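Remember, predicted model here, so these are calculated numbers, not experimental data. First the proteins, then the strands, lettered A, B, ... as listed; each starts at 1. Atom set for the values below is all heavy atoms of this structure, side chains included, hydrogens, waters and symmetry mates excluded.
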Number of protein chains: 2
Amino acid sequence: MSAPSPILPDDPASKERLRLWLRFLKASRAIESQIRDNLRREFASTLPRFDVMAALSRYSDGLKMSQLSEVLRVSNGNVTGIVDRLVEDGFLVRVAVPNDRRAWQVRLTERGEKEFAAQAAAHESWINEMLGEFGAQDAANIGNRLEQLETSLREKKQ
Amino acid sequence: MSAPSPILPDDPASKERLRLWLRFLKASRAIESQIRDNLRREFASTLPRFDVMAALSRYSDGLKMSQLSEVLRVSNGNVTGIVDRLVEDGFLVRVAVPNDRRAWQVRLTERGEKEFAAQAAAHESWINEMLGEFGAQDAANIGNRLEQLETSLREKKQ
DNA sequence: TAAAAATATTTTAAGGTTGAAGTAAGTGGG
DNA sequence: CCCACTTACTTCAACCTTAAAATATTTTTA
């Protein structure tokens, strides 16, 4: 680890940070695109659909549309379309919310839960394969670093 | 660094690798979405457009459509639309390739070069700001790690 | 050289993404 | 009560993305 240094427009570390970002992005896109391919080939699905089901699998009562878009950090309108298609496929249901006719509670169906369980297991094994060169300790260290980063980004945005 | 360990479906490190990936993805999306916002607000542009211009800025003779999609690792059809719009905006030109009437050489115009120079400078400073907590040495170390990862992913795909 | 194969690009259909505008339904102050 | 405001969600237009089909052109093969 190097000592902290001041952040200036022409900081000599600036170029190194840019290179870091470009590599970060490249690796992230490579992994993501492999996951998208696998989801498509093995489950005829997509990453956004997987993300929606993953979010709902953590809430047995389901989530309202607005909560879903909050959790996933995507726009409201976006969630509408993805949920529409998952409902058509029988993986999700929209349940009316008592005392509020504007809102919907979205939930996994039993079929959706089964499907997601299969996808999640496959997903974990794809990642395990792709990140095989990281040992547990190593993964935890870098993971912590990334969490710090994400926190600092959120603070900067406020 | 931890010792290398075998990769098995129920490797105890598997969950740790999954957590690493989820954090990785979260951080990457946070940075990317900030860049997209900035490009939109400050330059009325998008990340794919920036990527195309960045690729072309490294080749003063320009690139053929297929080379562009190769370099950017996106589909052929995708590049067509993005280049169309950049041509409309006067930032790019399609130049006929002698002796091959199927192909086009795509190049930045002078105006495109100026525009990209401004965007690239802003882009570097956004990254420098967001990744400020990484020192030069630190950024280089993690960057190397990511490059290894990307190489190993490419090998696995073959 | 004619037919077949390969190459370069565009078009198409289906989905994902956003911000902004639109619709419907709840909430509150006067 | 009613008018303004807010909230929950959907629709819309524009762009990005892919795989697959379509076009046009060049190269290879028989």
Side-chain angles (χ1 to χ4, degrees), chain A residues 25 28-30 32-41 43-53 55 62-89 91-106, chain B residues 25 28-30 32-53 55 62-89 91-92 94-106:
Chain A
L25 186 57
S28 166
R29 282 181 176 173
E32 228 182 295
S33 111
Q34 188 64 61
I35 296 176
R36 284 178 200 275
D37 279 5
N38 291 347
L39 279 174
R40 197 175 64 86
R41 269 204 317 276
F43 297 100
S45 195
T46 66
L47 195 47
R49 287 165 59 104
F50 180 82
D51 288 344
V52 164
M53 293 176 80
L63 289 170
K64 290 197 281 183
M65 293 296 284
S66 45
Q67 294 177 314
L68 204 40
S69 78
E70 164 72 21
V71 168
L72 299 174
R73 295 173 195 285
V74 298
S75 66
N76 273 349
N78 189 356
V79 174
T80 298
I82 297 169
V83 168
D84 281 352
R85 285 179 284 274
L86 286 168
V87 167
E88 279 172 26
D89 292 349
F91 295 141
L92 262 48
V93 273
R94 273 188 242 243
V95 181
V97 172
N99 304 323
D100 191 344
R101 283 182 295 169
R102 295 169 305 177
W104 296 102
Q105 197 79 3
V106 183
Chain B
L25 185 57
S28 166
R29 284 182 176 172
E32 228 183 294
S33 110
Q34 188 64 61
I35 295 175
R36 286 178 199 275
D37 279 5
N38 291 347
L39 279 175
R40 196 175 64 86
R41 270 204 317 277
E42 297 185 25
F43 296 100
S45 195
T46 66
L47 195 47
R49 287 165 60 105
F50 180 82
D51 288 345
V52 165
M53 293 176 81
L63 288 170
K64 290 197 282 182
M65 293 298 284
S66 46
Q67 294 176 314
L68 203 40
S69 79
E70 164 72 22
V71 168
L72 298 174
R73 297 175 195 282
V74 298
S75 67
N76 272 350
N78 190 356
V79 173
T80 298
I82 297 170
V83 168
D84 282 353
R85 285 179 285 275
L86 285 169
V87 168
E88 279 172 26
D89 291 348
F91 295 141
L92 262 49
R94 274 188 241 242
V95 182
V97 172
N99 304 324
D100 191 344
R101 283 183 296 170
R102 296 168 304 178
W104 295 103
Q105 197 78 4
V106 183

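Heavy-atom distances to DNA chain C give each of Arg73(A) and Gln105(B) a nearest nucleotide, and the one nearer the 5′ end belongs to Gln105(B). Mapping Thr46(A) and Asp37(B) onto DNA chain C via the closest heavy atom, the residue that lands nearer the 5' end is Thr46(A). Both Gln67(A) and Ile82(B) lie close to DNA chain D; mapped to their nearest nucleotides by heavy-atom distance, the more 5′-ward contact belongs to Gln67(A).
Near DNA chain C, defined here as any heavy-atom distance below 4.0 Å, the residues from residues 91-103 of chain A are Asn99(A), Asp100(A), Arg101(A), Arg102(A), listed numerically.
For Asn38(B), the side-chain hydrogen bond (donor to acceptor under 3.5 Å, both in side chains) criterion is met by Gln34(B), Arg41(B), not counting sequence neighbours. Every side chain to side chain contact (heavy atoms under 4.5 Å, CB included) that Arg85(B) has, sequence neighbours left out, goes to Arg49(B), Ile82(B). Every residue meeting the side-chain hydrogen bond (donor to acceptor under 3.5 Å, both in side chains) condition with Ser28(B), not counting sequence neighbours, appears here in chain and number order: Ser28(A).
When DNA chain D is scanned 5' to 3' for any atom under 4.0 Å from a heavy atom of chain B, the first and last hits are dC15(D) to dT26(D).
Arg36(B) comes within 4.0 angstrom of nothing in the nucleic acid, heavy atoms only. Heavy atoms of Val74(B) sit under 4.0 angstrom from primed sugar atoms or phosphate atoms, though from no base atom. Within 4.0 Å of Arg41(B), counting heavy atoms only, lies no atom of the nucleic acid at all. If you check every strand for non-hydrogen atoms under 4.0 Å, Ser66(A) touches sugar and phosphate atoms only.
You'll find the side chain of Glu32(B) reaches within 4.5 Å of the side chain of Arg36(B), heavy atoms only.
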Could you give the side-chain donor-acceptor pairs of residues 91-100 of chain A under 3.5 Å, partners two or more places apart or in another chain?
unit_1    : atom_1 : unit_2    : atom_2 : d
Arg94(A)  : NH2    : Asp84(A)  : OD1    : 2.1
Asp100(A) : OD1    : Arg102(A) : N      : 3.0
Asp100(A) : OD1    : Arg102(A) : NE     : 3.0
Asp100(A) : OD2    : Arg102(A) : NH2    : 3.0

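Protein atom CG of Leu72(A) is 15 Å distant from nucleotide atom C1' of dT18(C), rounded to whole Å. Rounding to whole angstrom units, CG of residue Asn76(A) and P of dA24(C) are separated by 18 Å. Counting to the nearest Å, the C1' atom of dT17(C) and the CZ atom of Arg29(B) are 12 Å from each other. Taking atom CD of residue Glu70(A) and atom C1' of nucleotide dT18(C), one finds them 17 Å apart after rounding to whole Å. Atom CG in Leu47(B) sits roughly 13 Å away from atom C1' in dT17(C) (whole-Å rounding). Across the protein-nucleic acid pair, Leu68(B) atom CG and dT10(C) atom P stand 11 Å apart, rounded to whole Å. Rounded to whole Å, atom P of dT10(C) lies 13 Å from atom NZ of Lys64(B).
Nearest heavy-atom pair across Ala55(A) and Leu72(A) is CB-CD2, 4.0 Å.
Around atom CD of Glu70(A), no more than 12 heavy atoms belonging to other residues, nucleotides or ligands sit under 6.0 Å away.
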>> Would Asn76(B) and Met65(B) count as a side-chain contact (heavy atoms from CB on, under 4.5 Å) here? Give the steps.
In response: CA-CA 7 Å; Asn76(B) 272 350; Met65(B) 293 298 284; over 6 Å; no
>> Run Leu39(A) and Ile35(A) through side-chain contact (heavy atoms from CB on, under 4.5 Å) and show every step you take.
In response: CA-CA 6 Å; Leu39(A) 279 174; Ile35(A) 296 176; 4.1 Å; yes
